[in-house]
Amino acid sequence: MTLDHLIIGAGPAGLQLGALLEADGRRDYLVVDRADVPGSFFERYPRHRRLISINKPRTGSDDPEVNLRLDWNSLLSDDPDLRFTRYTDRYFPDADVMVRYLADFAERSKVRVRYGAAVTRVSRRDDVFEVEVGGETLTARTVVVATGVSRPNRPAIPGFELAEGYDTMSVDPADYLDQRVLIIGKGNSAFETADALMETTTVIHVAGPDSVHLAWRTHYVGHLRAVNNNFLDSYQLKSANAVLDGTVERIERDDDGLAVTFRFARAEESRVLHYDRVLACTGFAFDASVFDASCRPALAINDRFPAQTDEWESVDVPGLFFAGTLTQQRDFRHSTSGFVHGFRYGVRALHRVLERRYADAPWPSVPVDPTPEAITAAVVERVNRTSALWQQFGVLADVVTVTGAQARFHEEVPVDYHARVGLGADGHDDDAFVVTLEYGPDHDKVDPFDITISRIAQDTPGVAHDAAYLHPVVRHHRRGEHVATHHVAENLENRWDRPDAHVAPLEAFVAGALAGR
């Protein structure tokens, strides 16, 4: 038998896609994983066991859609018992809770998973994939890779083998007693490690060629989070530690331990610095080793991710798709596709893409009266509830299409996908209103805590296009061409429903667009 969809990886993304297919009545798919349990990644990572994905059971709302804005760990399900918030009250949960949650999700969702099934080779013959799994060859029309980034990223630094990787280093602070430690990398794993070791080491240097980017300023949750940045205090308050800006040129062993040749970014010189240990927190990359020459996907971003189309399909291997953290190649360091609270919606959109493409199923939609008042009311109601557009800002959109005397509301459509193919049976509709939530173009350059900076006033129509904070953006397209854009005024409580500030200006925009038909 040839499967329609073979999903490699039983982590959050693979389970999410499997659950959606199962709920849709599909029986022609299979999820395979080399581990004996789902979500095995979280059995080991993060190494110091604290997740940085927030978990807030108490939101003041009983709307499950709104609550997903503050629940970054749940997968999408109609089962209220499969909310991660029911598993722990911890704002930053222990990773072991995620392992237990994913096991329950897999069982209750009845996802078809084969564990202990390592994929050793993927080939493509006559438009069908042949996948060697645990000594058996499975055939599938499509393969969806949901393995995450499983290969440690190892920079080409002479002597790098002397460094201990994030995947293998000891996490017991006692093992670093009275030692000088260099940590290569400036991401969350580097600072998570530095925070954990500060009490026992004599000095820690965190080093890398890029600036430290703080998530509260950039709005990218993969940048350094406040929960991991105690180390910055110890540096700026002259408490023995430091952040080094520059590149490691060489690591060598000598009589004093490890000699690291370091070139500082602000100086035209290299210096040799001595440490007892060097720890490499340099991230991970996609492992493409199982793909043979018939279907080896092109790579992007320093070969760390597979290059993908707006359907999350390989750019050069038809039928090879990607799900989960691998999809961040499409919005790298911009939105949230690299994280559960983002890619859970990307997986749902991928499911709809697959259904539309292979089962000729239209994108799910509901009818709306084709009037400015009805379209505006539908948009306002959605932007005040949606978690998908909230989490996948600028990546996913709700789209209201108007063709002839009919209008329909489509949820969670990839922005680039809609721009290319449209949602009509024959392509683009007569008119479409594409609704996203977005930050302003210079949002990452504004210090939100600097009260001396002039800002756009809250709930002020007419100047919303200059707002830095998250707010709805509605773009009018006519037969696939962008015609006009309307920014809804930002609001401190993210309620965009004031009649004068939000509703009336949007209604006027929609009316003007429809009047020009």
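Nothing here was measured: the structure is a model prediction, and the numbers come from that model.
For the pair Phe286/Leu299, a side-chain contact is recorded, criterion being any heavy-atom separation below 4.5 Å from C-beta on. Side-chain contact between Phe191 and Leu232 is present, with at least one heavy-atom pair separated by less than 4.5 Å. Within the 4.5 Å cutoff, side-chain heavy atoms of Thr59 are placed close to those of Ser61. When side chains are defined from C-beta on, Pro367 does not count as touching Phe409, because their heavy atoms never get closer than 4.5 Å. For the pair Val379 and Leu506, the minimum side-chain heavy-atom distance is below 4.5 Å. Val66 places none of its side-chain heavy atoms less than 4.5 Å from the side chain of Trp390. Counting only heavy atoms from C-beta outward, the side chains of Leu354 and Phe321 approach each other to under 4.5 Å. Contact check for Leu51 versus Asn73: side-chain heavy atoms found under the 4.5 Å cut-off.
Rounding to the nearest 0.5 Å gives a distance of 5.0 Å between OG1 of Thr282 and CG of Asn153. Taking CD of Gln308 as the start and CG of Leu320 as the end, the distance is 9.0 Å to the nearest 0.5 Å. Residue Thr142 holds its OG1 atom at 8.0 Å from CD1 of Ile7, rounded to the nearest 0.5 Å. Between the OG atom of Ser337 and the CG atom of Asp331 there is a distance of 3.5 Å, given to the nearest 0.5 Å. Taking CG of Asn228 as the reference point, atom CG of Leu214 lies at 11.5 Å (rounded to 0.5 Å). Between the OH atom of Tyr91 and the OG atom of Ser53 there is a distance of 10.5 Å, given to the nearest 0.5 Å.
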- prompt: Do Thr485 and Val473 pass the side chain to side chain contact (heavy atoms under 4.5 Å, CB included) test, and can you show the C-alpha distance, the side-chain angles, and the key distance before you say yes or no?
  reply: CA-CA 7 Å; Thr485 300; Val473 181; 3.6 Å; yes
query: Please walk me through it: do Asp287 and Ser150 pass side chain to side chain donor-acceptor pair (under 3.5 Å)?
result: CA-CA 6 Å; Asp287 185 357; Ser150 56; 4.5 Å; no
- request: Start with the C-alpha gap between Val113 and Val32, add the side-chain angles, then the distance that decides, and say whether side chain to side chain contact (heavy atoms under 4.5 Å, CB included) holds.
  value: CA-CA 6 Å; Val113 187; Val32 296; over 6 Å; no
message: Could you go through Asp104 and Tyr87, starting from their C-alpha distance and side-chain angles, then the distance that decides it, and tell me whether this counts as side chain to side chain donor-acceptor pair (under 3.5 Å)?
response: CA-CA 11 Å; Asp104 289 350; Tyr87 283 68; 2.7 Å; yes
- request: Under the side chain to side chain contact (heavy atoms under 4.5 Å, CB included) rule, what do His487 and His471 come out as? Steps first, then yes or no, please.
  value: CA-CA 7 Å; His487 291 256; His471 62 281; 2.9 Å; yes
query: After noting the C-alpha distance and the side-chain angles of Glu65 and Thr386, does the key distance pass the side chain to side chain contact (heavy atoms under 4.5 Å, CB included) rule?
result: CA-CA 6 Å; Glu65 177 69 17; Thr386 173; 4.1 Å; yes
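Ion pairing between a basic and an acidic side chain is recognised when a charged N comes within 4.0 Å of a carboxylate O; Arg26 and Asp4 show no such pairing. Looking at Arg58 and Asp89, a side-chain N of the basic residue comes within less than 4.0 Å of a carboxylate O on the acidic one, giving a salt bridge. A salt bridge links Asp81 and Arg108; the closest N-O separation between the charged side-chain nitrogens and carboxylate oxygens is under 4.0 Å. A salt bridge is absent between Arg50 and Asp94; no separation between the charged side-chain nitrogens and carboxylate oxygens falls under 4.0 Å. Under the 4.0 Å criterion applied to side-chain N and carboxylate O atoms, Glu192 and Arg225 are not assigned as salt-bridge partners.
Checking side-chain atoms of Thr336 against main-chain N and O of Gln391 turns up a donor-acceptor pair under 3.5 Å. Judged purely by atom type and a 3.5 angstrom limit, Arg356 has no side-chain atom pairing as donor or acceptor with the backbone of Ala361. Side chain of Asn241 to backbone of Ile204: a donor-acceptor contact under 3.5 angstrom is found. Between the side chain of His410 and the backbone N or O of Val399, at least one donor-acceptor pair lies under 3.5 Å. The closest donor-acceptor contact from the side chain of Ser109 to the backbone of Val111 lies at 3.5 Å or more, if one exists at all. Panel note: side chain Glu313, backbone Gly319; a donor-acceptor pair is recorded below 3.5 Å. The closest donor-acceptor contact from the side chain of Arg47 to the backbone of Tyr166 lies under 3.5 Å. A donor-acceptor distance shorter than 3.5 angstrom exists from the side chain of Lys186 to the backbone of Gly208, with no hydrogens or angles considered. Of the possible donor and acceptor atoms, one in the side chain of Ser335 sits under 3.5 Å from a partner among the backbone N and O of Phe393. Distance alone, capped at 3.5 Å, is enough to place a donor-acceptor pair between the Gln328 side chain and the Thr325 backbone.
Counting heavy-atom neighbours within 6.0 Å of Glu107 CD, excluding the residue itself, gives a total of 12 or less. Within 6.0 Å of atom CZ in Arg112, more than 12 heavy atoms from other residues, nucleotides or ligands are found, so the atom counts as buried in its surroundings. Residue Asp78 qualifies as open at atom CG: its count of foreign heavy atoms under 6.0 Å is 12 or below.
Shortest non-hydrogen contact noted between His213 and Thr218 is CB-CG2, 4.2 Å. Annotation for Pro80 and Arg86: closest pair O-NE, 3.2 Å, computed over non-hydrogen atoms. Looking at every heavy atom in both residues, Phe105 comes nearest to Ser77 through CE1-CB, 4.0 Å. Looking at every heavy atom in both residues, Val149 comes nearest to Arg304 through CG1-O, 4.2 Å. In plain terms, the two heavy atoms of Val340 and Ser74 that are nearest each other are CG1-O, 4.2 Å. Between Asp33 and Ser40 the shortest heavy-atom distance is OD1-OG, 4.4 Å.
Here the two rings, on Tyr101 and Phe42, have centers that are 6.0 Å apart or farther. In this structure, the ring of Phe322 has its center no less than 6.0 angstrom from the ring center of Phe305. Proximity of the aromatic rings of His5 and Tyr29 is defined here by a centroid distance below 6.0 angstrom, and this criterion is not met.
Between Phe433 and the options His482, His476, His418, a ring pair (Phe, Tyr, Trp, His ring centres under 6.0 Å) holds for only His476. Of the residues Arg357, Arg330, Arg352, the one that meets the salt bridge (Lys or Arg N to Asp or Glu O under 4.0 Å) test with Glu311 is Arg357.
In this structure, Tyr417 and Trp363 have tilted ring planes: the angle between them lies in the 30° to 60° band. Between Tyr469 and Tyr439, the ring planes lie perpendicular to each other; the angle is over 60°, past the 30° to 60° tilted range.
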